[in-house]
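Inspection log for the structure reproduced underneath, given as structure tokens.
Residue numbers start from 1 in every chain, and the chains themselves are labelled A, B, ... in the order their sequence lines are given, proteins ahead of strands. Everything numeric here is computed off the predicted structure, so don't read it as measured data.
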2 protein chains.
Amino acid sequence: MCETLRENIKQKLENGDYNCEKELTLSIISGKYKVVILWHLGVEGPHRFSDLERLFNHVSHKTLSNQLKELIDDGIISRKVYPEMPPKVEYDVTELGKTLVPIVEMMYDWGKKRISQLKEEGIIGS
Amino acid sequence: MCETLRENIKQKLENGDYNCEKELTLSIISGKYKVVILWHLGVEGPHRFSDLERLFNHVSHKTLSNQLKELIDDGIISRKVYPEMPPKVEYDVTELGKTLVPIVEMMYDWGKKRISQLKEEGIIGS
DNA sequence: CAGCATCCTTCAAGATACTG
DNA sequence: CAGTATCTTGAAGGATGCTG
């Protein structure tokens, strides 16, 4: 739902085709790992590529790489390369990205509460 | 990104496989029209199927129908049928759904601000 | 009016292999 | 270590037609 939804929204914006305010936000955070990436960077600070890779057990290089690239394109995170061998790259949230973190945190809190509820109702195991 | 991502998350929850708090929230609001549906129902009140259809110029019956069904499954919105001819069906947010509306509103506000910024920077037309 | 069934398109994400 | 390139696939979403 990413590359093209994102492109799509951008085009709609360029055409002044609204109803998009929320779609824009959604288009930025939609993507299997983006919210979680943002949460870790926003709450815990900068991470290296391999750190992020470890956080998501089964993500492929390419997928993680793409998600990061899109977040960079959208101005949400930054990429800092240390000229070393072996290479070291750190990702961090930008100023713009920081304004998005509260939303991610609310999503986190909501999800946590919802999971507790579901457990109390016996719908999911504890 | 919906039906199966959603199923996937549910299974992960059942297995106690975490990292999911935010994924749960995202899995519920991901879907091309869900955030916008939620916003309209949450902010403006109940809507009929055809009202919603009119809000999204190019949505197909099936797609809208699916999005609504999934939101109902997740307990976010309710469906009320009036026994009339022709049929009348109203959708509204549930109590649970109401707790999600603030997040949607924040997404709306963030998107609006971001769009203004982009306009000021001359990146998109006004 | 509301919505289901069927078929079809397209695109996000995975697998795998290679590079500075 | 941190990527890119290519190829494949599964599933979200669209189009169309039928029904109570």
Please report the distance, rounded to the nearest Å, between CD in Glu70(A) and C1' in dC11(C). 12 Å

Short question: side chain of Thr94(A), backbone of Ile76(A) - any donor-acceptor pair under 3.5 Å? yes

Distance test, side-chain N/O of Thr63(A) to OP1/OP2 of dG14(C), below 4.0 Å: yes

Whole-Å gap separating P (dC4(C)) and CG (Leu68(B)): 10 Å

Rounded to the Å, how far apart are Ile72(B) CD1 and dA2(C) P? 13 Å

Is Tyr91(A) touching bases, backbone alone, or none of the nucleic acid, heavy atoms closer than 4.0 Å? sugar-phosphate

Could you pick out which residue, Ser60(A) or Met85(A), lies toward the 5' side of DNA chain C when each is mapped onto its nearest nucleotide? Ser60(A)

Between Leu24(A) and Ser27(A), is any pair of side-chain heavy atoms under 4.5 Å apart? yes

Sorted by number, the residues of residues 43-51 of chain B with heavy-atom contact under 4.0 Å to DNA chain C: Arg48(B), Phe49(B), Ser50(B)

Are the side chain of Thr99(B) and the backbone of Leu96(B) linked by a donor-acceptor contact shorter than 3.5 Å? yes

Does dT4(D) have OP1 or OP2 sitting under 4.0 Å from an N or O in the side chain of Ser65(A)? yes

Atom CG of Asn66(B) and atom P of dA5(C): how far apart are they, to the nearest Å? 10 Å

Atom CD of Glu53(A) to atom P of dA15(C): distance rounded to whole Å? 12 Å

Indicate, yes or no, whether a donor-acceptor pair under 3.5 Å links the base of dG14(C) to the side chain of Lys62(A). yes

Could you tell me whether Lys112(B) and Asp109(B) make a salt bridge, using a distance below 4.0 angstrom between a side-chain N and a carboxylate O? no

What is the separation between atom CG on Leu71(A) and atom C1' on dG3(D), rounded to the nearest whole Å? 17 Å

So which atom in Ile29(B) and which in Val35(B) form the shortest heavy-atom distance, rounded to 0.1 Å? O-CG2, 3.6 Å

Heavy atoms under 4.0 Å, any strand shown: does Tyr82(B) hit a base, just sugar-phosphate, or nothing? nothing

Output yes when a side-chain donor or acceptor of His58(A) lies under 3.5 Å from a complementary backbone atom of Phe56(A), and no otherwise. no

Among dG13(D), dG20(C), dA13(C), the one nearest Lys32(A) by side-chain distance: dA13(C)

Let me know the distance between NE2 of His61(A) and C1' of dA17(C), rounded to the nearest Å. 11 Å

Return yes if some donor-acceptor pair links the side-chain N/O of Glu90(A) with the main-chain N/O of Pro46(A) below 3.5 Å, else return no. no

Quickly work out the Glu90(A) CD to dA2(D) C1' distance and round it to whole Å. 13 Å

